[in-house]
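Here's the structure we're looking at; comments come further down.
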Amino acid sequence: MKIATASDHAGYELKKGITAYLSEKGIKYEDFGCGPDEKVDYVDYAEKAAERVSSGEYDRAILVCGTGLGMAIVANKHKGIRATSCLDDYTAEMSRKHNDSNCLTLGARIVPLDEGLNIVRIWLETEFEGERHQKRIDKIFDIEARNFKSGREE
Ligand code: RB5
């Protein structure tokens, strides 16, 4: 599994803890910024990572900002992305089992490092249950097909 990570300034420290965890576990990732001591717009960094998952270049993304909310909003503007802002073990587990989440967003101002790492672990280890939930994911794909155009319109 190849993971794209990104954060804004508010999420930088938690992202650093998460990328250290991924390295320790031997999970491949690439970080798309931001770097330390930058002040940036979360929109740009969510886009950098989400477009790589949308294109199939990466399997999943982990995005961190202050609340996890801005990152989720931006990521969900990309075709094929099912970004879920997870706050605890339960939402991490259900986001995988029922929603087949391929993009985890975390709020560094809400979730401390130990809880954040636990959410990441659960989100990575939990399988999608498929069956009745697949039918619902297919409906999401149908909505995308109706509403997403392939190119950006000016
Ligand atoms: C930055 O202050 C903050 O707005 C951002 O990290 C995020 O929480 C947005 O959703």
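Residue numbers run from 1 in the order of the sequence given. Any value given below was found using the heavy atoms of this structure, including those in side chains, with hydrogens, waters and symmetry copies removed. Indexing begins at 1, ligand by ligand and atom by atom, following the structure's order.
By the 3.5 Å distance cut-off applied to N or O atoms, Asp8 is counted among the residues near ligand 1. For Gly66, a nitrogen or oxygen atom sits less than 3.5 Å from a nitrogen or oxygen atom of ligand 1, counting backbone and side chain alike. Looking at Met71 next to ligand 1, no N or O pair under 3.5 Å apart turns up.
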For side-chain contact (heavy atoms from CB on, under 4.5 Å), just list the numbers for Arg121 and Tyr21, CA-CA rounded to whole Å, side-chain angles, deciding distance to a tenth of an Å, and then say yes or no. CA-CA 9 Å; Arg121 180 185 61 74; Tyr21 173 83; 3.2 Å; yes
Which is it for Arg82 and Ile137 under the side-chain contact (heavy atoms from CB on, under 4.5 Å) test, yes or no, and what are the steps along the way? CA-CA 9 Å; Arg82 292 176 300 283; Ile137 300 296; 3.8 Å; yes
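Open room surrounds NZ on Lys28; 12 or fewer heavy atoms of other groups in view lie less than 6.0 Å from it.
The minimum heavy-atom distance linking Gly17 with Leu113 is given by the pair CA-CD1, 3.8 Å.
In terms of protein heavy-atom proximity, atom 3 (C) of ligand 1 is nearest to Arg109 NH1, 3.8 Å. In terms of protein heavy-atom proximity, atom 10 (O) of ligand 1 is nearest to Gly70 N, 2.9 Å.
Residue contact check: Ala10 has heavy atoms under 4.0 Å from atoms 6 (O) of ligand 1.
Remark: Lys15 is not positioned above the aromatic ring of Tyr12, lacking an NZ or CZ atom under 6.0 angstrom from the ring centre and at most 45 degrees off the axis.
Contact annotation for Cys65 and ligand 1: heavy atoms of both the backbone and the side chain come within less than 4.0 Å of the ligand.
Within the structure, every pair that satisfies the side-chain hydrogen bond (donor to acceptor under 3.5 Å, both in side chains) test and touches residues 55-69, not counting sequence neighbours, is listed here: Glu30-Tyr58.
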